[in-house]
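To start, the structure under review is shown below, and the notes come after it.
Heavy-atom basis, side chains included; hydrogens, waters and symmetry copies ignored. Proteins come first, then strands; the chains are lettered A, B, ... in the order of their sequence lines, and each starts at number 1.
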Number of protein chains: 4
Amino acid sequence: MPDASPPPARRPRSGPRRDEAARLAVLHAADDLLVELGFGALTVEAIARRAGVAKQTIYRWWPSKGEILLDTLVEDSAKRLPVPVDTPTADAVRGYLRALARFLADDPAGKVLLALLAEAQHDPGTAERLRTRYLAPRREAERALLARAIEAGAFAPAPALGPDALLDALTGPLVYRALTGASVPEDVADALADALLGPAAR
Amino acid sequence: MPDASPPPARRPRSGPRRDEAARLAVLHAADDLLVELGFGALTVEAIARRAGVAKQTIYRWWPSKGEILLDTLVEDSAKRLPVPVDTPTADAVRGYLRALARFLADDPAGKVLLALLAEAQHDPGTAERLRTRYLAPRREAERALLARAIEAGAFAPAPALGPDALLDALTGPLVYRALTGASVPEDVADALADALLGPAAR
Amino acid sequence: MPDASPPPARRPRSGPRRDEAARLAVLHAADDLLVELGFGALTVEAIARRAGVAKQTIYRWWPSKGEILLDTLVEDSAKRLPVPVDTPTADAVRGYLRALARFLADDPAGKVLLALLAEAQHDPGTAERLRTRYLAPRREAERALLARAIEAGAFAPAPALGPDALLDALTGPLVYRALTGASVPEDVADALADALLGPAAR
Amino acid sequence: MPDASPPPARRPRSGPRRDEAARLAVLHAADDLLVELGFGALTVEAIARRAGVAKQTIYRWWPSKGEILLDTLVEDSAKRLPVPVDTPTADAVRGYLRALARFLADDPAGKVLLALLAEAQHDPGTAERLRTRYLAPRREAERALLARAIEAGAFAPAPALGPDALLDALTGPLVYRALTGASVPEDVADALADALLGPAAR
DNA sequence: TATTAATCGAGACGGTACGTCATGTCTTTTA
DNA sequence: TAAAAGACATGACGTACCGTCTCGATTAATA
């Protein structure tokens, strides 16, 4: 009667845990390389070199370099481009759109978003993860913001567009301009709000 | 008796001219590979293999694989997504936007456009050439169409948006939806036109 | 009590060491290709293919394909064409010359020597390394053999030729015959010894 | 009834004959490239470029670049290293050996001979043609010279070596020294003659 | 306090694609 | 019809990354 004794399935863990310093070094190295040298220079080897980290350490924790960028994007845009869910006013909505314009035009993390949108065209895995971890949650928050602002009477939105299409109509042009290398001034954000959400009832 | 002066003694070239069959084989091979296997499989070696052409022949005529895609995009969208410059009516504008939605959703050349927009984020050269050879001329035609339609009283456009911003507001959301993997139904095109150009004054 | 001092704390390397199996596979593949298909088929790609090895592995360890051949030559001729330094007799010298004739005529490694002599005419680097790693050490051993044989009275060598010129006179004709596609019978080796070292005073 | 008139069967030639200027340009370009840049730079493309000649012109007249070198070697060494067949004296023989040493050490055509010997190791066709067009005829003349010199009592050659082996013994060491990058002083030629043809009976 | 197991830097490995070069054949135009 | 020009299919060059792997050394929790 072997193995009857209790020492059960799990033996939780021993050994060192994940090295936070290495994690940050990789994230920063990826960010820096993207901004300094462009996406072409963003190879796993280059990140490992720059971060002073072994390649294996990267492959152990990230399934692809897209996922590294996604980590930086999620962390950075939570900090620097929050959706103002708690203040569903017209000003908050307009302010968010302006912040998005600035994010795309100036913030390094904006470049990361563009790079990930690009990479998503080439790799379905990246597309899926970008949607799941970034686009969908953010869209959810944006939708909530807008719904509560409309409910509060801040806007009289155009009737023809549903909530999602409306948000695409507000944010899509900003992203499109950034993707095509055009400038993304804050006025454009304002003008879009005026045209689509009703004349500045602020 | 025109051209009486003697032909000016030029001796331009001898030797064989560019092989049109090879050019087309490359273009089609690139297109097919992109649609069938995705951008990841779109290597110069694979194009050459599929086209039955030597790599050197590709490098002789195209500076990068982006330029190959650009050639197919320019040729295909001249055929399948013409800007109706000669009929500046409300219907023509709405029809063009619907055609753009279909182009992005269904046409293989739509995939090429998305791939090039993506590649442009990674490579400044591709960005520049995409702008020069595709985006700028098309935008020029679109601008002309819209101007003449407004002049003819077909629309009463929103005041806050200039011509370029207006076109970004009309086409940007469609492209953005395609880039994020969302569907691009023709209704969205209609709704955008309604919202931004004034309620269907047709 | 030697080595009382503590081992000097060196930490040479971690990670995987050089793969001996890969090294031998490359050496044998090069050898085989040269013998079976001739020098023209001896490309780095073909060696890699035949050895089941990545090209990069070859470039990691050998600066050129000449160096690969040199490795096989050094190892093979240490085994199959040793200089009999320990028995400085007339018989040993004559036997060595006969062995050289056989080596050039029949041994695959003889073909390697001829190929390297040829390659050395085309590439100064190969010339230098062939001299340093093969010709010079071998010549040194030959010189020692001959000197001790003469000292022991085994020969009364021709006066006009110094040691090096004498060895060139003995071995040069054999190599030259091999290079020009002539046969290299052992008699020629004997006849050279007779003519240059004095009539078989053994 | 056509062609009844005398102009008989053969139609000798029409169109331009072989362009002698192009032939010489190719020969000189090959020679120059070999001396200036080494064998590695001696490609058909480079020869054509340097000679200002189309590649096809080279392929039309020479089966390989070895044949080009062979043409220059045959022409140059007929001029600069003639076998003194008409004066079968000891001095003539010794002079010829000294001239061979100088040819190998200093003459550009000597480099061509070494390059061809090398190329012959890699390519059987070159080997065959080198033998047929250069080595064999020259050896024939050398043999005749030596035979007549011996007949005239100029030498009492070593008995063990037949005529061919004797010539290999005289010339082989000189070529071998040149191939291994050693110097080829004229003394060596003299010493070989002394050792193999009997003590300077001049 | 030893054992044990996971992490880490390093880097070798089999691959694939890169962009360049030379090969030898061919086609077009000029002389 | 020879020659210059040069496009073409082929295939090797040497380099860069890919993602996997193995090596020792290090570092925690477990026993």
Go through it in stages, so that I can follow the logic: the residues are A/W61 and A/R18, the test is side-chain contact (heavy atoms from CB on, under 4.5 Å), and I'd like the CA-CA distance, side-chain angles, deciding distance and then a yes or no. CA-CA 9 Å; A/W61 298 110; A/R18 178 170 188 179; 3.5 Å; yes

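- C/W62 is listed as a side-chain neighbour of C/V26, based on a closest heavy-atom distance under 4.5 Å.
- For C/K55 and F/dG14, a side-chain-to-base donor-acceptor distance below 3.5 Å is present, hydrogens and geometry of angles not being considered.
- Taking CD1 of B/I47 as the start and NZ of B/K65 as the end, the distance is 7.0 Å to the nearest 0.5 Å.
- Annotation: side chain of C/F39 is not in contact with side chain of D/E119 (no heavy-atom distance under 4.5 Å).
- A donor-acceptor contact under 3.5 Å links the side chain of B/Q56 to the base of E/dC21.
- Mapping A/R17 and B/D19 onto DNA chain F by nearest heavy atom places B/D19 at the nucleotide closer to the 5' end.
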Start with the C-alpha gap between A/R133 and A/D71, add the side-chain angles, then the distance that decides, and say whether side-chain contact (heavy atoms from CB on, under 4.5 Å) holds. CA-CA 9 Å; A/R133 292 192 50 204; A/D71 275 8; 3.0 Å; yes

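- Using a 4.5 Å cut-off on side-chain heavy atoms (C-beta onward), B/T126 and B/L69 make no contact.
- In this structure, the side chain of C/R17 engages the main chain of C/G15 through a donor-acceptor pair within 3.5 Å.
- We find that CG of D/D123 is positioned 13 Å from P of E/dT23, with the value rounded to whole Å.
- Note on C/D31 versus C/K111: no salt bridge recorded, every NZ/NE/NH1/NH2 to OD/OE distance being 4.0 Å or above.
- DNA chain E is contacted by C/G52, C/V53, C/A54 of residues 25-54 of chain C, taking any non-hydrogen atom closer than 4.0 Å.
- Of all the residues in residues 57-75 of chain A, A/Y59 reach under 4.0 Å from DNA chain F with at least one non-hydrogen atom.
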